[in-house]
Amino acid sequence: MLDTNLLRTTLDDTAKKLDARGFSLEKKYFVKLINERGLIRTETQNLEETRNKISRKIGQLSMAGDESGQEEAKSLKSKMKGLHKELSEIKARLDIIEHELQVFLEQIPNLPHSTVPTGNENKEVRNWEIKKIATPLNFAIKDHVSIGEDLGLLDFSTATKISGARFSLMVDGLARLHRALGQFMLDTHTQEHGYTETYVPYLVNADSLYGTGQLPKFEEDLFKIDQKKNDSVENKNEKGSQEENFYLIPTAEVPLINTARNEIFSLDSLPVKLTALTPCFRSEAGSYGKDTRGLIRQHQFEKVELVQLVHPEKSYDALEQLIGHAEKILQKLELPYRVVLLSSKDMGFAAAKTYDIEVWLPAQNTYREISSCSNCEAFQARRMKARFRNESGKTELLHTLNGSGLAVGRCLVAILENYQNSDGSVSIPKVLHPYMGGITQLSAKK
RNA sequence: GGAGAGAUGGCCGAGUGGUCGAAGGCGCUCCCCUGCUAAGGGAGUAUAGGCCUUAUAAGCUUAUCGAGGGUUCGAAUCCCUCUCUCUCCGCCA
């Protein structure tokens, strides 16, 4: 959510920035709402003030207990009737307008940072291709699906039987490699990059998703669990049956960032750096036909998430560090990648600036996204009232950052394809050997 | 799932219809006193808004005592619904 003060004072400029994101701001509507709210709010508060004063007077009079006082109290009470009517009417109007303003504000995306390229041309900022250049694959390259299936370690048809499309089943060495990857990433981030390992809920409430910006705009991307309470009673008590909704997390960013919701951090507790390895669930509505083959786009996948809650002045330094932490994983795995600065049209809703890391997939002869690291500035913090006490003791909104470090499933794809051998086997990257219990190569399952 | 008890400021805890945003204590901050292994005294110490102001401070003011609704001239206090926490029983990884 954007700062209403900023919107008000720099409306044209803000609208222009939003334009770069492909979002057109209804300026007139906003001005109308904000002015109307101001007037009605002042009026409401004046009425409330009058009400409170009269009430206090009545209290004093009835405490005093003398007769003329009682008379006066009576007349004051009758006077209150009209005031009440007026107040309830104006409060109803205020509720409506505040709701309209809220709805208006919560669908506006974040403003792009000044360094973000305008338009839809992403910009490569660096690449790391040592292995790609040093050891080219001089044989018929297979994609990860063929590699996995030929080895008997990857089984989509059984996964389809169990669940449906966009699910996968891995067995034996591949399942272990998958587990090893997650452990390796977590260990690296906790031991070398200073993140605190966190175990989080995979089901979250609507407030949390609102805080990070998935709701209300992107509900169709989420898996929702409707839980009817008192279902068995079957409307015996109508008031008692109430819905409680959970959503499956689309990323650990949601629970991790929401640890800060409605909190005020002390200055010396910053930065907060959290990491978690979790499954992520995405409905992938509207992505029919895209990436239908393989592990690239699944309803369920594992991801190690990195989150930082930082002082606003340090958030862009933190972003550079964060992307470095994610890159480190690929470097250790010796997987070729490049870093791309997303353009204004390509960024996510809550982000002010985003770097994607794209890993080299030889079978597709292209780079594919494996990590996305964003600085959301105060956009999420404002939605969820995540604050800290600044140098002068005042509360101020935090800046929030998140990034994948990395998507485990896609990383597995990259290893299968980049580490494949001409005989169909797959070598295990050296850093993972300690996690593989002596296995250094994936071969056909007996 | 059954039975009961609760939810108040950073923490503990008082407050059952009026001047209560809220006693007292702890903690914390600042000041003073004292000057050795400590203690004492004073002041301050929720959040988000609005008005005023060039702006800050001050001042005035609105909302918030788990959440929402209701009763009332007036609600932390009474009523209803929900959420959460705790205790006991049952069940369970």
Side-chain angles (χ1 to χ4, degrees), chain A residues 1-9 33-66 69-88 90-95 97-99 101-102 105 199 201-208 210-211 225-246 258-270 378 381-398:
Chain A
M1 193 144 70
L2 300 181
D3 183 2
T4 40
N5 270 331
L6 181 88
L7 264 177
R8 188 155 40 173
T9 52
L33 282 180
I34 204 87
N35 289 340
E36 218 169 308
R37 183 187 68 163
L39 287 174
I40 296 178
R41 189 147 72 180
T42 306
E43 208 178 326
T44 306
Q45 293 189 358
N46 287 341
L47 285 173
E48 283 173 338
E49 184 179 350
T50 312
R51 177 200 62 191
N52 290 347
K53 277 192 177 140
I54 295 176
S55 282
R56 237 169 279 154
K57 188 78 195 278
I58 294 173
Q60 281 162 1
L61 288 171
S62 48
M63 295 276 269
D66 61 277
Q70 301 301 332
E71 282 303 311
E72 199 184 340
K74 234 180 203 171
S75 78
L76 282 175
K77 278 189 198 179
S78 61
K79 192 174 157 194
M80 285 289 259
K81 287 224 169 87
L83 188 70
H84 256 286
K85 197 172 167 232
E86 209 180 332
L87 189 58
S88 66
I90 199 163
K91 264 189 172 168
R93 278 173 64 201
L94 185 63
D95 281 350
I97 202 141
E98 285 194 324
H99 181 254
L101 186 64
Q102 181 72 15
L105 289 172
Y199 174 80
Y202 302 157
L203 298 177
V204 295
N205 57 34
D207 285 346
S208 291
Y210 175 80
I225 294 172
D226 287 333
Q227 217 184 18
K228 286 259 176 7
K229 286 243 163 158
N230 298 349
D231 217 10
S232 57
V233 188
E234 204 73 63
N235 302 337
K236 210 174 182 179
N237 175 4
E238 268 180 46
K239 285 173 190 164
S241 85
Q242 170 134 353
E243 271 183 27
E244 184 179 348
N245 296 326
F246 286 122
N258 272 284
T259 56
R261 176 149 51 93
N262 293 324
E263 297 290 333
I264 301 174
F265 289 78
S266 67
L267 198 55
D268 60 6
S269 66
L270 300 180
R382 188 170 294 109
R383 287 179 158 237
M384 65 178 131
K385 296 188 179 67
R387 293 160 293 175
F388 72 103
R389 214 167 280 286
N390 67 18
E391 292 79 352
S392 49
K394 290 200 168 159
T395 58
E396 193 179 332
L397 292 169
L398 287 164

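Labels below follow one simple rule: chain letters A, B, ... track the order of the sequence lines, proteins then strands, and each chain is numbered from 1.
In this structure, A/N262 atom CG and B/rC84 atom C1' are separated by 15 Å, rounded to whole Å. One can place CG of A/L101 at 14 Å from P of B/rG49, the figure rounded to the nearest angstrom. As rounded to whole Å, 12 Å separates atom C1' of B/rC60 from atom CD of A/Q45. For the pair A/L47 CG and B/rC51 C1', the computed distance is 15 Å after rounding to whole Å. One interatomic measurement links the two molecules: NZ of A/K385 to C1' of B/rA63, which rounds to 13 Å at whole-angstrom precision. For the pair A/H99 NE2 and B/rG68 P, the computed distance is 15 Å after rounding to whole Å. In this structure, A/E72 atom CD and B/rG74 atom C1' are separated by 16 Å, rounded to whole Å. Between the P atom of B/rU62 and the CG atom of A/L39 lies a distance of 20 Å, rounded to the nearest Å.
Between the C1' atoms of B/rG74 and B/rG13, the separation comes to 27 Å (whole Å). When the C1' atom is compared between B/rA5 and B/rG66, the two are found 16 Å apart, to the nearest whole Å. Remark: the separation of the C1' atoms in B/rA22 and B/rG15 is 8 Å, to the nearest Å. B/rC80 sits 34 Å from B/rC91 when the P atoms are compared, rounded to a whole Å. Taking the P atoms as reference points, B/rC82 lies 14 Å from B/rG1, given to the whole Å. Nucleotides B/rA14 and B/rG90, compared at atom C1', are 38 Å apart to the nearest Å. As rounded to the nearest Å, B/rA75 and B/rG59 have P atoms that lie 26 Å from one another. Nucleotides B/rG50 and B/rA55, compared at atom P, are 13 Å apart to the nearest Å.
Judged by Watson-Crick or G-U wobble contacts below 3.5 Å, the nucleotide B/rC60 has B/rG50 as its partner. Across all strands shown, B/rU77 forms no Watson-Crick or G-U wobble pair with both distances under 3.5 Å. Base pairing annotation: B/rC86 forms a Watson-Crick or G-U wobble pair with B/rG4, both donor-acceptor distances under 3.5 Å. When both pairing distances are held under 3.5 Å, B/rC91 makes no Watson-Crick or G-U pair with any nucleotide shown. Taking a pair to require two hydrogen-bonding distances under 3.5 Å in either a Watson-Crick or a G-U wobble arrangement, B/rG24 pairs with B/rC12. As the counterpart of B/rG35, no nucleotide is assigned, since no Watson-Crick or G-U wobble pattern has both distances under 3.5 Å. The partner of B/rU29 is B/rA43, by the rule that a Watson-Crick or G-U pair needs both atom distances under 3.5 Å. Nucleotide B/rG17 is matched to nothing when pairs are restricted to Watson-Crick or G-U wobble geometry with both distances under 3.5 angstrom.
Within the 4.0 Å cut-off from OP1 or OP2 of B/rA63, at least one side-chain nitrogen or oxygen of A/R51 is found. For the OP1/OP2 pair of B/rG18 and a distance below 4.0 Å, the side-chain nitrogens and oxygens of A/S62 include no atom meeting the criterion. In this model, the phosphate group of B/rG18 is not approached by any side-chain N or O of A/K53 to a distance below 4.0 Å at OP1 or OP2. One finds no side-chain N or O of A/R389 lying less than 4.0 angstrom from the OP1 or OP2 phosphate oxygen of B/rA46. Proximity of A/N52 to the phosphate of B/rU62: a side-chain N or O atom is located under 4.0 Å from OP1 or OP2. Of the side-chain N and O atoms in A/R387, one or more sit less than 4.0 angstrom from OP1 or OP2 of B/rA48. Within the structure, every side-chain polar atom (N or O) of A/H84 is placed at least 4.0 Å from both OP1 and OP2 of B/rU72.
The nearest heavy atom of RNA chain B to A/G393 and to A/K57 marks one nucleotide each, and the one closer to the 5' end goes with A/K57. RNA chain B is contacted by both A/I54 and A/G59; A/G59 maps to the nucleotide lying nearer its 5′ end (nearest heavy atom per residue).
Side-chain proximity of A/S55 to B/rU62, B/rA57, B/rC73: nearest is B/rC73. Nearest nucleotide to the side chain of A/T395, out of B/rU47, B/rU62, B/rA48: B/rA48. Listed nucleotides: B/rU62, B/rG49, B/rU19. Nearest to the side chain of A/R41: B/rG49.
A/R51 places no side-chain N or O within 3.5 Å of a backbone atom of A/M80 that could act as its donor or acceptor partner. Remark: side-chain polar atoms of A/N390 are not paired, donor with acceptor, to backbone N or O of A/E396 under 3.5 angstrom.
Distance check: A/S269 OG to A/I264 CD1 gives 11.5 Å after rounding to the nearest 0.5 Å. One distance of note links CG of A/D3 with CZ of A/R382; it measures 4.5 Å at 0.5 Å rounding. Going from atom NZ of A/K385 over to atom CZ of A/R261 covers 10.0 Å, rounded to the nearest 0.5 Å.
For the residue pair A/S55 / A/N52, no side-chain donor-acceptor distance below 3.5 Å is found, with atom types taken as modelled.
When heavy atoms are screened at a 4.0 angstrom cut-off, A/K394 is found touching the sugar-phosphate backbone but no base atom. At a threshold of 4.0 angstrom between heavy atoms, the contacts of A/L76 with the nucleic acid are absent.
With a 4.5 Å cut-off on side-chain heavy atoms, A/M1 and A/Q102 count as touching. Counting heavy atoms from C-beta on, the side chains of A/L398 and A/L270 come closer than 4.5 Å.
Contact annotation: side chain of A/Q60 to base of B/rG18, donor-acceptor pair absent below 3.5 Å.
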